[in-house]
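Read the structure below first, then the notes.
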Amino acid sequence: MPELPEIETVKLQLEKELKGFICKECEIVKARSVHGNAGLVNGKKVIGVRRKAKVLILDFEKGISAAFHFKMTGQLILITGNKKRRVVGGHPTADFTGELPSKHTRAIFHFDRGTMYFNDQRLFGWVKFGTTEEINNMDFLKKLGPEPSELTEKEFMEKIIKYKKPIKLVLMDQEILSGMGNIYANDALWEAGIDPKRPANSLTAKQLKALYRAVILVLTEGIKYGGATAADAKYINLHGMGGHYQEHFRVYSRVGEPCSNRCGEKIKRITLGGRGTFLCPKCQQ
DNA sequence: TGCCCCCTGCAG
DNA sequence: CTGCAGGGGGCA
């Protein structure tokens, strides 16, 4: 799923595209993907688009909001009046080019100037409706830790050093630090030359500093390249997909390939916390 | 903190 | 067929 840079990309696009659109009706296709009262947005204008970690929030007039979590396979596809597919976010399924609604469509926003489809193949994602206050105060958002960019180097170091679990799991724990997922955590650890299995509290000050820089670097780069569309290059040319970070993966999904621009060792895949973990066994210690 | 689970679909 | 997928919750 989309991690912070992917959601940020969708946010930036929707901010330009969707502001001022009036939602005539929100149609629920799959009830289990929709929480709260979708009818709240009917007849209301979109006045803002926000992001908190991996959660995308649409603010409507009269104090109404809708929060999306894409989890692994969620996506939004906006088709404007001229039938052009404009804004997409999330998993690279055939839905980007196929008929809409697709079999993965879970909710449809019928706007005065276009239609937006919330698709989610694996049904892990959700959209939650409520008053803006209810959305702002929802448990999921309140439990999130700070995003890396909200911390100074010193604050980052003091926070990370408190945990003894593997550093990669610390980076991915949304209650400690929010926004990073599997791709960027893997790449940041390579960038900093740190073994993902290292207990966080065993890192030296020098390594923590390098990690802070690495985390900020890969997230910034992710946003700059419009996120990562997919690990597999075959998706790159699909219409409407703007992400290019996958062309800059350091180790993520690159098992067996050489540790490029560094030692040339073969990149290895292990499992950590149940997730695929990629590393260079030679230059990550 | 470490497992197992929620789902669907695709590649090997 | 098995294993794997950008997330996260619940359980011991």
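Convention: sequence-line order gives letters A, B, ...; per-chain numbering from 1. The structure displayed is predicted, hence computed values, not measured ones. The figures that follow rest on heavy atoms only: side chains count, while hydrogens, waters and symmetry mates do not.
Counting only distance, with no hydrogens or angles, the side chain of A/R51 and the backbone of A/V55 share no donor-acceptor pair below 3.5 Å. A/S102 places no side-chain N or O within donor-acceptor distance of the main-chain N or O of A/E99, the cut-off being under 3.5 Å.
Within 4.0 Å (heavy atoms only), A/F140 reaches sugar-phosphate atoms of the nucleic acid but no base atom. Here A/G276 lies in heavy-atom contact (under 4.0 Å) with sugar-phosphate atoms only.
Put simply, the residue from A/K168, A/E191, A/M172 that forms a side-chain contact (heavy atoms from CB on, under 4.5 Å) with A/N186 is A/K168.
Remark: aromatic rings of A/Y184 and A/Y245 are close, center separation under 6.0 Å. A ring-centre distance under 6.0 Å is not found for A/F118 and A/F109.
Taking the six-membered ring for Trp and thresholds of 30 and 60 degrees, A/H69 and A/W126 have ring planes inclined between 30 and 60 degrees apart.
If you measure from atom OH of A/Y184 to atom P of C/dG7, you get 11 Å, rounded to the nearest angstrom. Look at CG on A/L272: it is 16 Å from P on C/dG8, rounded to the nearest Å. If you take CG of A/D120 and C1' of C/dA5, they are 13 Å apart, rounded to a whole angstrom. When rounded to the nearest whole Å, the span between CG of A/D173 and C1' of C/dG9 equals 12 Å. In this structure, the CD1 atom of A/I270 is 16 Å from the C1' atom of C/dC4, given to the nearest Å.
For the C1' atom pair drawn from C/dC1 and B/dC6, the interatomic distance equals 22 Å after rounding to whole Å. As rounded to the nearest Å, C/dG8 and B/dC10 have P atoms that lie 24 Å from one another.
Of the candidate nucleotides C/dG7, B/dT1, B/dG2, C/dG7 has the atom nearest to the side chain of A/K54. For A/M72, the side-chain atoms get nearest to C/dA5 when compared with the rest of C/dA5, B/dT1, C/dG8.
Between A/K143 and A/G274, the one whose closest nucleotide on DNA chain C sits nearer the 5' end is A/G274.
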Q: Would you mind building the protein contact string for nucleotides 4-9 of chain B? One character per nucleotide, 5' to 3', B for base within reach (heavy atoms under 4.0 Å), S for sugar-phosphate only, - for untouched.
A: --BBBS

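Nucleotide C/dA5 is matched to B/dT8 when pairs are restricted to Watson-Crick or G-U wobble geometry with both distances under 3.5 angstrom.
Considering only side-chain N and O atoms, A/H69 lies under 4.0 angstrom from the phosphate OP1 or OP2 of C/dG8. Side-chain nitrogen and oxygen atoms of A/R275 include none within less than 4.0 Å of the OP1 or OP2 phosphate oxygen of B/dG2.
Residue A/I64 holds its CD1 atom at 8.0 Å from CD of A/E134, rounded to the nearest 0.5 Å.
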